[in-house]
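Quick notes on the structure that follows.
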Amino acid sequence: TFPEGASYKLVVLPSQNDIRLEEIQKVEQLVKSGATILAQQKFQHGRGLVGFPIADVQIQNIANSLWGNEPKGEREIGKGRFLWGYTVEEALKLLNMKQDFSCQLETPNIRGIDWVHRRDGNTDLYFVVNRADEEVKVTANFRVSGKQPELWNPDNTEIKTVEQFNEN
C-alpha cells in the first residue's frame, strides 16, 4: 500500500535491462517493505550517464541481491517477495491470484495493450491503453461483475455507458 492509499498485490516491472539507480533502490525498498514484485529480466546497467560508472556498479549490486542465478525463481526479501523470469500469468498462478484483466486483439500487434486497475471505494477503475500507432478492435475481460461499465475518453473527457457487455 502506497502513502496515497493505492494498493497492489503484484507490481510488474517493465521488461528492460536498464534502470535509473533511484528506481532500482525504490524497487529494493518496496520489496523489503512487503511488496511482491515481478521482473522478467535482470537489470544490467543505468539509463543515461548520470553517476556513470559508479551507478552501474551499484545497480548491478542491487540486482544481484534481488535476482538469483537461475533464469526463473523467487525469493523472500524483508517482508516482501521478488519473482523473476515468470510471465504475468505464471506469477499469478504461483501467487494463487485470479487474472484481473485480459484481452484479445482482432489483429495482434507488437506493442499490445497495457492496463492498470485500482479501486476507489466500491468503484473499479481500469486504465487501458493501446500502445500501437493504429486503432485496434479488442475484446476485453475484467475481473468485475455486477457493475455498469463506462468508457472514459481522456482526450476529450467524454464518458459513454457501454451498452453491450457480457458477465460471466
_Derivation and outcome, side chain to side chain contact (heavy atoms under 4.5 Å, CB included), residues Val50 and Arg20_ = CA-CA 9 Å; Val50 175; Arg20 291 187 359 240; over 6 Å; no

_Trp152 vs Phe127, test: ring pair (Phe, Tyr, Trp, His ring centres under 6.0 Å). Steps then yes/no._
CA-CA 9 Å; Trp152 293 24; Phe127 178 74; over 10 Å; no

*Check the pair Lys9 / Thr36 against side chain to side chain contact (heavy atoms under 4.5 Å, CB included), numbers first and verdict last.*
CA-CA 7 Å; Lys9 292 182 181 179; Thr36 300; over 6 Å; no

*Would Gln41 and Ser15 count as a side chain to side chain donor-acceptor pair (under 3.5 Å) if you check the C-alpha gap in whole Å, the side-chain angles of each, and the deciding distance to 0.1 Å?*
CA-CA 6 Å; Gln41 75 185 81; Ser15 185; 3.1 Å; yes

*side chain to side chain contact (heavy atoms under 4.5 Å, CB included) between Lys32 and Gln29: does it pass, once the steps are laid out?*
CA-CA 5 Å; Lys32 287 180 177 178; Gln29 175 192 356; 5.8 Å; no

*Could you walk me through whether Leu66 and Lys42 pass the side chain to side chain contact (heavy atoms under 4.5 Å, CB included) check?*
CA-CA 9 Å; Leu66 295 172; Lys42 190 175 188 177; over 6 Å; no

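A heavy-atom distance below 4.5 Å is not found between the side chains of Phe142 and Asp124. Two residues are said to be in side-chain contact when any heavy atoms from C-beta on lie closer than 4.5 Å; Leu10 and Met97 meet this criterion. Looking only at side-chain heavy atoms (C-beta outward), Asn141 and Gln104 come within less than 4.5 Å of each other. Counting only heavy atoms from C-beta outward, the side chains of Val136 and Ile113 approach each other to under 4.5 Å.
Between Ser65 and Glu28, the closest heavy-atom pair is OG-OE2, 3.6 Å. Across all their heavy atoms, Ala39 and Leu13 have their closest contact at CB-CD1, 3.9 Å. The shortest non-hydrogen separation linking Cys103 to Ala140 is CB-CA, 4.1 Å. Between Glu90 and Gly85, the closest heavy-atom pair is OE1-O, 4.2 Å. Taking each heavy atom of Leu38 and Ala91 in turn, the nearest pair found is CD2-CB, 3.8 Å. Nearest heavy atom pair, residue Lys160 against residue Glu158, reads CE-OE2, 3.4 Å.
Taking hydrophobic clusters as Ile, Leu, Val, Met, Phe, Trp and Tyr residues chained together by side-chain heavy-atom distances below 4.5 Å, Val11 does not share a cluster with Leu92. Linking ILVMFWY residues whenever their side-chain heavy atoms come closer than 4.5 Å, directly or via other members, places Leu30 and Ile24 in the same cluster. Criterion: ILVMFWY side-chain heavy atoms under 4.5 Å apart, direct or through other members. Under it, Ile19 and Val12 are not part of a common hydrophobic cluster. Hydrophobic clustering (ILVMFWY, side-chain heavy atoms < 4.5 Å, transitive): Leu21 and Ile37 are in one cluster. Under the 4.5 Å side-chain heavy-atom criterion for ILVMFWY residues, a single connected hydrophobic cluster contains both Val88 and Leu94.
Annotation for Asn166: atom CG does not count as buried by contact number, only 12 or fewer foreign heavy atoms lying within 6.0 Å. No more than 12 heavy-atom neighbours from other residues, nucleotides or ligands sit within 6.0 angstrom of CG on Asn69. Heavy atoms of other residues, nucleotides or ligands lying less than 6.0 angstrom from CG of Leu125 number more than 12.
Between Phe43 and Trp67, the angle of the ring planes goes over 60°, which puts this pair in the perpendicular group of the 30/60° scheme.
The closest donor-acceptor contact from the side chain of Gln60 to the backbone of Gln44 lies under 3.5 Å. For Trp84 (side chain) and Arg75 (main-chain N/O), no donor-acceptor pair under 3.5 Å exists by modelled atom type. Formation of a donor-acceptor pair under 3.5 Å by the Asp18 side chain with backbone atoms of His45 is not found in this model.
The CZ atom of Arg118 sits 7.5 Å away from atom OH of Tyr8, with the distance rounded to the nearest 0.5 Å. Once rounded to the nearest 0.5 Å, the distance linking NZ of Lys72 with CG of Leu83 reads 10.5 Å. Distance check, rounded to the nearest 0.5 Å: CG of Asp114 to CZ of Phe101 gives 9.5 Å.
Residues Lys93 and Glu89 are not paired through a salt bridge, judged by the lack of any N-O separation under 4.0 Å between the basic side chain and the carboxylate.
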